[in-house]
Amino acid sequence: QVQLVESGGGLVQPGGSLRLSCAASGINFRNYAMSWYRQAPGKERELVAAITTAGGLTNYADSVKGRFTISRDNAKNTVYLQMNSLKPEDTAVYYCKATQFPRTYWGQGTQVTVSS
């Protein structure tokens, strides 16, 4: 059974940092591109960061470029999102996604709240 389990979310002050993790099981992880999305209340879900199967290429939303870093450890079946210099507008539920055409799997999300 496929599972993507996010962890690492929580409450942090502006300017702080969090590292999200997404542990995958039930898939051949190394064959899946991985990405992080987020969705704030009343807003559409948006792509935050993506990484190719071997980690050679990454892509970031303009709003997080220079502050967030996506990485993966294929030996641990885990993708990470390091978030630095957090802003209140980063507050959202963050979702992990695994993609290998034609299959897509989503995690259930983890809440990130940036507030003083």
Side-chain angles (χ1 to χ4, degrees):
Q1 186 171 347
V2 177
Q3 280 193 300
L4 301 176
V5 180
E6 299 100 335
S7 62
L11 176 65
V12 65
Q13 294 184 347
S17 297
L18 285 173
R19 190 179 77 156
L20 305 183
S21 299
C22 173
S25 61
I27 61 171
N28 194 346
F29 182 79
R30 66 186 180 186
N31 292 333
Y32 281 75
M34 302 297 298
S35 57
W36 289 94
Y37 286 71
R38 68 186 182 187
Q39 188 166 24
K43 296 185 178 180
E44 295 183 349
R45 189 171 298 188
E46 64 172 344
L47 176 68
V48 176
I51 189 166
T52 51
T53 54
L57 294 173
T58 57
N59 183 46
Y60 299 93
D62 287 342
S63 59
V64 308
K65 197 169 298 181
R67 299 187 297 120
F68 290 11
T69 302
I70 188 171
S71 62
R72 66 190 294 161
D73 187 339
N74 285 349
K76 296 182 178 179
N77 289 356
T78 301
V79 63
Y80 305 94
L81 185 67
Q82 178 66 46
M83 305 185 293
N84 298 326
S85 301
L86 283 161
K87 304 174 180 179
E89 51 262 46
D90 296 318
T91 296
V93 177
Y94 284 71
Y95 298 91
C96 174
K97 186 178 81 169
T99 301
Q100 182 196 35
F101 183 83
R103 300 179 184 90
T104 297
Y105 300 102
W106 290 89
Q108 292 190 242
T110 184
Q111 177 70 48
V112 172
T113 302
V114 184
S115 177
S116 58

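Start at 1 with the first residue, then count along the sequence.
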### Query
Are I70 and R72 close enough that some pair of their side-chain heavy atoms sits under 4.5 Å apart?
no

### Query
Can you check side chain to side chain contact (heavy atoms under 4.5 Å, CB included) on S7 and T110, steps first, answer last?
CA-CA 6 Å; S7 62; T110 184; over 6 Å; no

### Query
By salt bridge (Lys or Arg N to Asp or Glu O under 4.0 Å), which residues pair with K65, not counting sequence neighbours?
D62

### Common cluster, V93/M83, ILVMFWY with side-chain heavy-atom separation under 4.5 Å
no

### Message
Show me the pairs that pass ring pair (Phe, Tyr, Trp, His ring centres under 6.0 Å) and involve residues 51-92, at least two apart or across chains.
### Response
none

### Query
Listed by chain and number, what are the side-chain hydrogen bond (donor to acceptor under 3.5 Å, both in side chains) partners of T113, not counting sequence neighbours?
Q111

### Task
Determine which pairs satisfy disulfide (SG to SG under 2.5 Å) with at least one residue from residues 47-86, sequence neighbours left out, and list them in order.
none

Under 3.5 Å, sequence neighbours excluded: what are the donor-acceptor pairs made by side chains of residues 95-109?
unit_1 : atom_1 : unit_2 : atom_2 : d
K97    : NZ     : Y37    : OH     : 3.0

Return a table of donor-acceptor pairs under 3.5 angstrom between the side chains of residues 19-32 and protein atoms on other chains or two or more places apart.
none

#### Entry: Pairs touching residues 32-52 that satisfy salt bridge (charged side-chain N to carboxylate O under 4.0 Å, His left out), sequence neighbours left out
R38-E46, R38-D90

### Message
Closer than 3.5 angstrom, by distance alone: can the side chain of T52 be matched with the main-chain N or O of L57 as a donor-acceptor pair?
### Response
yes

### Task
Applying side chain to side chain contact (heavy atoms under 4.5 Å, CB included), name anything that partners S116, two or more places apart in sequence or on another chain.
P14

#### Entry: Counterpart residues, side-chain hydrogen bond (donor to acceptor under 3.5 Å, both in side chains), relative to S17 (two or more places apart)
N84

### Query
What is the minimum heavy-atom distance between N74 and T53, and which atoms define it?
ND2-O, 3.1 Å

### Query
Can you name the nearest heavy-atom pair linking V112 to G9, along with the distance?
CG2-CA, 4.2 Å

### Separation of L18 CG from Q82 CD (nearest 0.5 Å)
8.5 Å

### Message
How long is the straight-line distance from CE of M34 back to CG of N77, given to the nearest 0.5 Å?
### Response
9.0 Å

### Message
Could you check whether any side-chain N or O of T58 sits under 3.5 Å from a backbone N or O of I51, counting only pairs where one atom can act as donor and the other as acceptor?
### Response
no

### Message
Give me the atom names and distance for the closest heavy-atom approach of L4 to E6.
### Response
O-OE1, 3.9 Å

### Message
On a heavy-atom basis, which atom in L47 and which in A50 lie closest, and how many Å separate them?
### Response
CD1-CB, 4.4 Å

